[in-house]
Each structure stands twice: as C-alpha cells, then as structure tokens.
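Below, each value reflects all heavy atoms present in this structure, side chains not excepted, and no hydrogens, waters or symmetry copies.
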Amino acid sequence: MEFWKRSHLCGDLRLSDSSNRVTLSGWVRRRRDHGGVIFIDLCDRTGLTQVVFSPEAGSDAHRAAQELRSEFVVAVRGEVRPRPEGTVNPKIPTGEIELFADGLQIINPSLTPPFPIEDEEELQEEVRLRYRYLDLRRPSMLNNLRLRHRVTARTRQYLDGEGFWEIETPLLTRSTPEGARDYLVPSRVHPGKFYALPQSPQLFKQMLMVSGVDKYFQIARCLRDEDLRADRQPEHTQIDLEMSFVEPEDIFRVVEGLVGTLFGEFRGVEMERPLKRMTYAEAMLKYGSDKPDLRFGLEIREAGEIFAGSGFRVFRETLDSGGAVRGLAVPGGASLSLKQLDELTEFCRRAGAGGLLWILFREGGGLKSPIKKFLSEGELNRLRETFSCSEGDCLMLVADRPEKAAEVIGRLRLKLAADLGLVPKDRYEFLWVVDFPLFGYNPEEKRFEAVHHPFTSPHPEDLELLETDPGKVRSRAYDLVLNGTELGGGSIRIHREQVQKQVFSLLNIGPEEAESRFGFLLEALRHGAPPHGGIALGLDRLLMLMGGLSSIRDVITFPKTQKAICLTTGSPSEVDPRQLKDLHIALAAPPQ
RNA sequence: GGGGGCGUAGCUCAAUUGGUUAGAGUACCGGACUGUCGAUCCGGGGGUUGCGGGUUCGAGUCCCGUCGUCCCCGCCA
C-alpha cells in the first residue's frame, strides 16, 4: 500500500483507548517544536488529536517530524497514552490522551497556506473564495457542510415516510418568458434554438401530478439570471414538493412536520404546531412586509381615522387623496436625539416616503414634535390610546399611498429593531402568510401581473371577482416565513383549463400566446388533471437560518460573487472559437 | 442601472494637516529549547499602498477615471 491505512479518526480516541496501538492520518495544523519533544495537532473532519514525537520513542520518526509544516498530509503510528498529569487539555474532546508516535509517513507536503485553517481568523471573503477548498477545510465550514448533508438526508427520509417519491426533472428545458431571466443553453443540433436551465421544476411537477405520481419531491437546483444578494445566488437549491387531491392545510401539515423535525433534531428547537397563520393584508398592515419578523414588537397601526379632520395639512391631504397614515410606538424612544431622529427621517425619505413625523412623549408629561402645534388634545389622547403610548415613548408616523406607507414604515420597523437591539437571538418565529392577492397591478405597463405565478389557483370564494374586480381576487398561495426571511412559497394550482384560460387572459396572455408558451401544460390539464398543489422551500436559506449565518454563501460550497463570478475557477470564461462555431454563435462584439 | 462601505507585506490591520527610509501582529525562513496546546526566546527576509492619470517641491493620504469585493435599492412570476 502506498500509504499507511488509518485505524481511527482524529476525533475518535479517548482515555479508554490508552495503550492501544493506532494509526491516524490527517492534516498537520499546529506544530510546537521544543527542540527535543515535538507536538503536532493532527486534524481531520472529526476533530484533532495531539501527536507527540519524542527523541527516545523513535529517532527516525522524531527526525522526520522536524520537517513537518502546516497542512502537510501525514500518517502517524504509535501508542495512545494518557497525558501526563497537569497537561490535560479540557478544551478538546481528545484532550485526555495523546498519540505517542514511533512512526511518521509524510504522504503529501503542502504549500504554506495563504491563511491559517482555523475559525477564529476573520478573512476577507475574496480571499476565502479564491482558496475555497482551504476555507472549507476550516472546522465551522466543514460543520456547515455536514449540517447540509444531514438536513437533506433527513428530508429524504421524512418525505419518503410520508409517501413521497423523489423524482428528477430535466435541466435542459424550455424557456418560459414569465418570471426571472433565464440562463440559456444553445443547441448544437438545432441552429438558433436554445434550452433554458430551469428556474424551478414547476411545470414538470404539475405534469407529474397529471401522471398520477400523487406525491412528488425533489431536492432541485434552480437557476435564475438575476442580481445577487446575501440570500440570493444564481443557482440555489429548493426542497420542491407537489401533492394531488390536496388543500392548503395538507401542504401545511407536511411542511410543518418536516421543518419541525429538522429544527427539533438539529437545533433542539420545539416548533409550535400548527404554525401561526396571517393573511397578507394583516401582515402588510401590522408589519409593513409580506414576510414579517415576529421576534419583536413595534407593531404598526393605522392612524388615518385620528387625523381625518386634522389641522395638519400634510396628513389631511394625504388622507383625502386615498392615502394612509401609519405609525408605530417605540418604547423608551423619547430619549432618541434630534440627530438620530433626523437620520431616521432621512432613512424614510430614501425609502421613498415624504418623510417621518415623530412625537416624543417625555417623562413628566411634556411633548416634543415638529407638528406639536397642529395636534389637538383629542388627537393626542386617541394616539396614546391607539398606540398604547406612555411617557418615555416615541411615536413615529408616515403618511403616503397605503402601499408606500406600509413599505416605508415596515422598513423603519426593521431598522429600529436592529438599531435598538430589539432582535432576540436564538428565537425562531415561524408563520404562514396566506391569502396573497392573485394579481398585482403594474402601473407602468398598465396591466396585471401574477403575484406568485400564472398557475396559482384563485381563492374559491373570489372566483366571481375574476370578472368584476380582478385586483381584489385572493389566491390560494402561501409563504412560509421565519424571522423575516421567506423560507418558501407555494400554492394550490389551477387544475381546470377554463380557469387557467381566464387567468391568462387577465394577465394579457392571449390564447395563441398561451398555447405557444404553455400549450404543453394546458394540454396536460385537459387529460384528467387532479386538484394539486405544492411548495418549494429554499434549502440554502433554511440552512443559513439554522446555522445562525448571515449569508447563504456560507452553506454553498463554491458560491458566486455579487458579479456572478466564481473566484475559485474563474467562471464565466471565454471559450474556444470552435465551440462557438459548433453552436452557431457569433459574438456581436469581440471580447476585450 | 443606482446608492454606500472596503482595497496598504501571504493574512489581519496601523500610518496626525499632504512631509524623513510605509509600521505592528501573525505567517514564513534560520538559530536555541524535552511537556507544549495561540509554546517561548533570539535573528532575518518580505511592499508596483488594486490599476491608470492629474494637482503638488513632495501623494498611502487630495482630485478624476477604472477594476475588484461586500451591503442595499431596482431586479428576483
């Protein structure tokens, strides 16, 4: 054999293994050379064992150990010994023993690593990504990979137990112009034609329901050519599932079971089931967001009625033109400085509102506010009552179009919570947001757009509104939200062709266009489609939240930078002109 | 496409108002050292201050441009 085979892993050995002969292999982390005795921290993904090279024990091994450097790959033979009294290291699980080495094999030397392989080192992400294989060798990153493995393994086990089949769907598929920008793959065989990489397996899983698969799942890669964020990568992974003959409650039960199992087993978090439900309308009103963070209060309230006949012209005119006044109370906020209040006002302006109005209810009953002289005693009393304000608090008000007011004060709410340290750690606030509107109106293009996607079923109670007032139609779509992050979303789908056609027409997709884009799906729906629905959970975001991380890049092995570049491999790259020729592609501008 | 932060030794950072030869810790190299675990002690090497241009007697520092990276807005059915 080329190298000595290991008998144990670096995290294995305990006091009970004492006096056994073992062989370990791994990476040399730290070396402490005392001239005589030499200590090596030997690491693998399971942990670290201290190896001792003593001149007496094996002079060849001791001599060879002097050559060891960081991250050399080695095999070490010797005897497991209890550490001498006073030298036990309580910080590591193997700290009661050491490997007393009499043989050393340098399997492969290593270049000096560009940074130390340890969790403590704070590195620029650029450096980490350039040497990602070394970054991943750090214990915390290996730990993230392990969590990812265990979560996907448990997910498969759980869904199998619920009767789901794991089924793969094509990566080379058809471009469907709705939604995000597609990644395209040129066809060699068909000049001028392109495949698209899937944004999700949506249409395939619906067709699988028509096939009678009944319960489908897939841990599916999804690709979208859109700009990146801390929680968005061009390719991400979804736990995608679909079920037949179901209502939303059936989906909720399965997902709550799965997510509850994962958080219970891997985080020790007891999830209350069934989860809280909140309508989209309530979420927007109370939290100014369709993915409310419920870990803290600062609830938003409507203040329009109070100012209906206000002497303050800005409020009155906003209300008269159909606008809204929304506010929230900041407990203890009366101590905010004018500078802080100015900054918050500027924040609201940048978020698109006219500004921010504040009222400080000072200790002792005093009042400070730029609109003090416009406020009647009656209005103040009603404000105190509505917002449960008392002395020492601050009331913040935003007036604008209802959607804008909700959005701005929603953002303000998140900023205040972060700035004032109101967000508790180690809390997991799950909820379902339900009753999304089916359509959103795009004022620029003067047309309705699907809020979820065009195959989402209208709420059964709102079917008549499709004819009379489409903007009011609720959908049977739902989002799973955790701590202000959208963890997943899904819907009951349209299974009747007639409804599907009606929705297409409201979306300004004519019959011919519908046929050419989605004809294959419409045809499938005509061949005995069962009622069906499903959901997709963002695996990367789930792992990010489970790991207490702030970016999904930390749970993705080789993520892209914000400019969608892979710093490890250098993709995307130019290709050989012959490859382009084979694909019938000519570049409009020659690359620089 | 837009707003903001960052870019100085392999890594993490410092450098007063624009002013001497750009420093520190760590890593690395050499030496010493038989119980360390962030080993210690002595010595040494290491810089296109991201890149290009400008202002100035003089630029890491000021100005213009550009590149990279991070956060956010737009975008993401």
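With both pairing distances under 3.5 Å, B:rU17 is matched to nothing as a Watson-Crick or G-U wobble pair. If you check B:rG38 for Watson-Crick or wobble pairing at under 3.5 angstrom, you find it has no partner at all. In this structure, B:rG43 forms a base pair with B:rC29, meeting either the Watson-Crick or the G-U wobble geometry with both donor-acceptor distances under 3.5 Å. Pair check for B:rU56 finds none; no Watson-Crick or G-U wobble contact set falls under 3.5 Å.
B:rA27 atom C1' lies 13 Å from atom CZ of A:Arg69, rounded to whole Å. Rounded to an integer number of Å, the gap from A:Lys91 NZ to B:rG38 P is 4 Å. Between the CZ atom of A:Phe100 and the C1' atom of B:rG35 there is a distance of 11 Å, given to the nearest Å. Rounding to whole angstrom units, NZ of residue A:Lys563 and C1' of B:rG7 are separated by 14 Å. In this entry the distance linking CD of A:Gln562 with C1' of B:rC6 reads 13 Å, nearest Å. The separation between A:Arg229 atom CZ and B:rG74 atom P is 7 Å, rounded to whole Å. Distance A:Glu98 CD to B:rU34 C1': 13 Å, rounded to the nearest Å. If you take CD1 of A:Ile92 and C1' of B:rC37, they are 8 Å apart, rounded to a whole angstrom.
Taking the charged nitrogens against the carboxylate oxygens, A:Glu226 and A:Arg181 do have a contact shorter than 4.0 Å, which makes a salt bridge. Using a cutoff of 4.0 Å between basic side-chain nitrogens and carboxylate oxygens, A:Asp17 and A:Arg14 are not scored as salt-bridged. Comment: A:Arg132 engages A:Asp135 in a salt bridge, judged by a side-chain N to carboxylate O separation of less than 4.0 angstrom. Using a 4.0 Å cut-off between charged nitrogen and carboxylate oxygen, A:Arg476 and A:Asp462 do not count as a salt-bridge pair.
Close placement of the A:Phe518 and A:Phe504 rings is indicated, their centers lying within 6.0 Å of each other.
Between A:Val88 and A:His453, the one whose closest nucleotide on RNA chain B sits nearer the 5' end is A:Val88. The 5' end of RNA chain B is approached more closely, in terms of each residue's nearest nucleotide, by A:Thr561 than by the other of A:Thr561 and A:Arg541.
As rounded to the nearest Å, B:rU49 and B:rC62 have P atoms that lie 16 Å from one another. Rounded to a whole angstrom, the distance from the C1' atom of B:rG45 to that of B:rG50 is 24 Å. Nucleotides B:rG38 and B:rG44 place their C1' atoms 23 Å apart, quoted to the nearest Å. Rounded to whole Å, the separation between the P atoms of B:rU26 and B:rC37 comes to 15 Å. A gap of 35 Å separates the P atoms of B:rC75 and B:rU8, to the nearest Å. Rounded to whole Å, the separation between the P atoms of B:rC76 and B:rG68 comes to 24 Å. B:rC28 and B:rG10 have their C1' atoms separated by 8 Å, with the value rounded to a whole Å. Straight-line distance between the C1' atoms of B:rC67 and B:rG25: roughly 30 Å, to the nearest whole Å.
Taking OG of A:Ser475 as the start and CD1 of A:Ile492 as the end, the distance is 10.5 Å to the nearest 0.5 Å. Here the CG-CZ distance, from A:Leu522 to A:Arg517, works out to 12.0 Å after rounding to the nearest 0.5 Å. The CG atom of A:Asp240 sits 10.5 Å away from the CZ atom of A:Phe217 when rounded to the nearest 0.5 Å.
No option in A:Lys91, A:Arg32, A:Arg31 other than A:Arg32 meets the salt bridge (charged side-chain N to carboxylate O under 4.0 Å, His left out) test with A:Asp41. For the salt bridge (charged side-chain N to carboxylate O under 4.0 Å, His left out) with A:Glu118, the qualifying choice from A:Arg137, A:Arg30, A:Arg29 is A:Arg30, the only one to do so.
Side-chain atoms of A:Thr112 lie closest to B:rA27 of the nucleotides B:rA27, B:rG74, B:rC37. Counting only heavy atoms from C-beta on, A:Val37 has its side chain closest to B:rG35 among B:rG35, B:rC75, B:rC37.
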Pairs under 3.5 Å (N/O, protein and nucleotides 10-14 of chain B):
residue: B:rG10; atom: O2'; partner: A:Pro114; partner atom: O; Å: 3.0
residue: B:rC11; atom: O4'; partner: A:Pro114; partner atom: O; Å: 3.2
residue: B:rC11; atom: O2'; partner: A:Glu121; partner atom: OE2; Å: 3.1
residue: B:rU12; atom: OP1; partner: A:Gln124; partner atom: N; Å: 2.8

So which protein N/O to nucleotides 39-42 of chain B N/O distances come out below 3.5 Å?
residue: B:rA39; atom: OP2; partner: A:Arg30; partner atom: NE; Å: 3.2
residue: B:rA39; atom: N6; partner: A:Asp33; partner atom: O; Å: 2.8

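At least one donor-acceptor pair closer than 3.5 Å links the side chain of A:Asp12 to the backbone N or O of A:Leu9.
Residue contacts shown for A:Arg29 are absent, as no nucleic acid heavy atom lies under 4.0 Å away.
The phosphate of B:rC28 has OP1 or OP2 within less than 4.0 Å of a side-chain N or O from A:Ser70. Considering only side-chain N and O atoms, A:Arg553 lies under 4.0 angstrom from the phosphate OP1 or OP2 of B:rC71.
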